[in-house]
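As structure tokens, the structure follows; a few thoughts come after it.
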Amino acid sequence: MSKVITPREKDYSQWYNDIVIKAGLADYSAVRGCMVIKPYGFAIWEKIQSILDGKFKATGHSNAYFPLFIPKSFFSREAAHVEGFAKECAIVTHYRLKNSDKGLVVDEDARLEEELIVRPTSETIIWNTYKGWIQSYRDLPLLINQWANVVRWEMRTRLFLRTSEFLWQEGHTAHSNKEEAIAETLKILDIYADFAQEWMGMPVIKGTKTENERFAGAVETYCIEALMQDGKALQAGTSHFLGQNFAKAFDVTFLNKEGVSEYVWATSWGVSTRLMGALVMQHSDNEGLVLPPLLAPIQVVIVPIYREFEQLAKINEAIQPLLKELEGAGIRVKYDNDDKHTPGWKFAEYELKGIPVRMGLGPRDLENGTIEVVRRDTRQKENIKLSQALEHVKSLLDQIQTSLYEKALAFQTGSTTRVNDFAEFRQVLDGKGGFVLAHWDGTRETEEKIKEETKATIRCIPLNNPKEEGKCVYSGKPSQQRVIFAKAY
RNA sequence: CGGGGUGUAGCGCAGAUGGUAGCGCGCCACGUUCGGGACGUGGAGGCCGUGGGUUCGAGUCCCGCCACCCCGACCA
């Protein structure tokens, strides 16, 4: 009874924290704003990594690794970029400690000639490097990704959703022309969207950011936006078309086929451990985590129910064929015959951890040739023939994956509201929240005013957004399309 | 950086008016249990966040500091 989760409707933030901590995904650390990702949480992250990594490789990208430290001077080369990141940098100024009467102190004689910035993102060091790698159109495109940690000194942090240090992948590509760079940006956006929907069971809206919300240094920022159960939006991934901004800042040019020198076109794109937070919030309930089968480190757990050890021995034996079948079918299964906990304890524990399917095998089943099957998402129980268990589990895992997505999609659809005037706009945001589709006059001023008054920001302008004549919900000026407003993480 | 809150056993908490620390869970041992977080008995475990002050005496009162959580401003 020690691992009770705060009900979601009572305190959403606490509910989220409880799940992250009690399901063993992560822990607070001794360092402010930094978290420890625990083995179970990291196993999920590793699944995410391996799927995405496969998709990047399949589209021609290679992994590489660039330094954690970036000389301060690099950082200031691109004006908008500095502006965007200056306020949240960790800076290394010294390289040595010494003992003094005050204990261990920074050795003031060991000051760096030039301060190093702990990377908040790697565009600058990477473009400085690319300059040496690119001379001709034959060197392009250059398609590189790195898995790394980055640091952004956040005022306020939340496990997985916003921590000072986080893990991510950042892709940085160089192209010989604008069209190809934009196509790359969109290709990655599709990879992110497909991953979110097919693997995480998380419906997302693809769109572009407004100037206000754009990545510092980008010409255009594309994003996938998801909607969490509390009606707040979460940016789950971004893909940026950087134009020639970084090429110009770092003087990266190539000779085209005509022998004329041109600046390179660039993209960058990333998803982070924030996806873990999205995954938690998208499907979980008051019993704990709910994981989509495709990302669950353990998809099926089998719990033996017994009184005497002779019974356990029989169950151990009776379960072997099924275990082999499941493993043979590539299903990640765990048979938990650990005697240190009772079945009831295990049921609760595996529910908390979000394992998609739980099976129970006891004396009654041995007599009847059956096995109990419980799905985590609906907590529905049924007894099936042991001989049919493999097929049943296979289809059940598929069903759960599909139904998690459908449920999330239904929620998103139900939480998307078209509004036509500002009173309604406020009312929806203060009430059910969610995505609000409203006309916007396209100006930065209006966007900022709306943000000040309602806390809602423009999450994105959806791709292939239908054109529609209307009036801006705030200024009343003419507008050609609705954009998505929401309060966001 | 503002507002609020919390620091006492691994976790969650209780300790009126100051008198030398307790409960639940967890942990260890043994026994009974085991189809939804079992029970009994016996144990182990504390610099009461930290520095000063008041006092014969401080978990408790006073002043400072620190850390963390929640809510805002900033942000993936």
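Just so it is clear, the structure is predicted and the values come from calculations on it, not from any experiment.
- Pairing partner, B:rC48: none, since no Watson-Crick or wobble contact has both distances short of 3.5 Å.
- When both pairing distances are held under 3.5 Å, B:rC34 makes no Watson-Crick or G-U pair with any nucleotide shown.
- B:rG2 sits 24 Å from B:rA76 when the C1' atoms are compared, rounded to a whole Å.
- With C1' as the reference atom, B:rC63 and B:rU54 are 11 Å apart, rounded to whole Å.
- Mapped onto RNA chain B by nearest heavy atom, A:E287 and A:Y489 fall at different nucleotides, with A:E287 at the one closer to the 5' end.
- If you look at A:H81 and A:F246, their ring centroids are closer than 6.0 Å.
- The partner of B:rA73, taking Watson-Crick or G-U wobble pairs whose two distances both stay under 3.5 Å, does not exist in any strand shown.
- With C1' as the reference atom, B:rU6 and B:rG53 are 24 Å apart, rounded to whole Å.
- Base pairing analysis places B:rG22 opposite B:rC13; the two distances defining the Watson-Crick or G-U wobble pair are each below 3.5 Å.
- Nearest-nucleotide positions on RNA chain B for A:R152 and A:Q14 put A:Q14 closer to the 5' end.
- In this structure, A:F166 reaches the bases: a heavy-atom distance under 4.0 Å links it to at least one base atom across the strands shown.
- Here the separation of B:rA9 from B:rC62, taken at their P atoms, is 22 Å to the nearest Å.
- In this model, the phosphate group of B:rG35 is not approached by any side-chain N or O of A:N383 to a distance below 4.0 Å at OP1 or OP2.
- Here A:R379 lies in heavy-atom contact (under 4.0 Å) with a base.
- Between A:Y12 and A:W15, the ring planes lie tilted relative to each other; the angle falls in the 30° to 60° range.
- Straight-line distance between the C1' atoms of B:rG49 and B:rU55: roughly 23 Å, to the nearest whole Å.
- At a threshold of 4.0 angstrom between heavy atoms, the contacts of A:T457 with the nucleic acid are absent.
- Every residue was checked against the ring-ring contact (aromatic ring centres under 6.0 Å, His included) condition with A:Y222, not counting sequence neighbours, and none meets it.
- Residue pairs meeting the ring-ring contact (aromatic ring centres under 6.0 Å, His included) criterion with at least one partner in residues 294-315 of chain A, sequence neighbours excluded, are absent.
- Classified by its glycosidic torsion, B:rC47 falls in the syn category, the angle being within 90° of 0.
- For A:Y192 and A:F195, the ring centers sit 6.0 Å or farther from each other.
- Side-chain rings of A:Y130 and A:F250 stay apart, their centers remaining 6.0 Å or farther from each other.
- B:rA29 is paired with B:rU41 under the criterion used here, namely a Watson-Crick or G-U wobble arrangement in which both key atom distances are under 3.5 Å.
- Note on A:K381: every side-chain N or O is 4.0 Å or more away from OP1 and OP2 of B:rG35.
- In this structure B:rA21 sits in the anti conformation; its chi angle is more than 90° from 0.
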Quick one: which protein N/O atoms are closer than 3.5 Å to N/O atoms of nucleotides 38-40 of chain B? Pair and distance per line, please.
| residue | atom | partner | partner atom | Å |
| --- | --- | --- | --- | --- |
| B:rA38 | OP2 | A:T342 | OG1 | 2.9 |

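- A:W269 has its ring centre less than 6.0 Å from the ring centre of A:H61.
- Pair check for B:rC68 finds B:rG5; Watson-Crick or G-U wobble, both atom distances under 3.5 Å.
- Here B:rG59 sits opposite no nucleotide as a Watson-Crick or G-U wobble pair (both hydrogen-bonding atom distances under 3.5 Å).
- Among the protein residues, A:L234 comes within range of no part of the nucleic acid, since none of its heavy atoms lies under 4.0 Å from any strand.
- Aromatic ring orientation, A:W265 versus A:F241: parallel (interplanar angle below 30°, classes split at 30° and 60°).
- B:rU32 and B:rG36 have their P atoms separated by 22 Å, with the value rounded to a whole Å.
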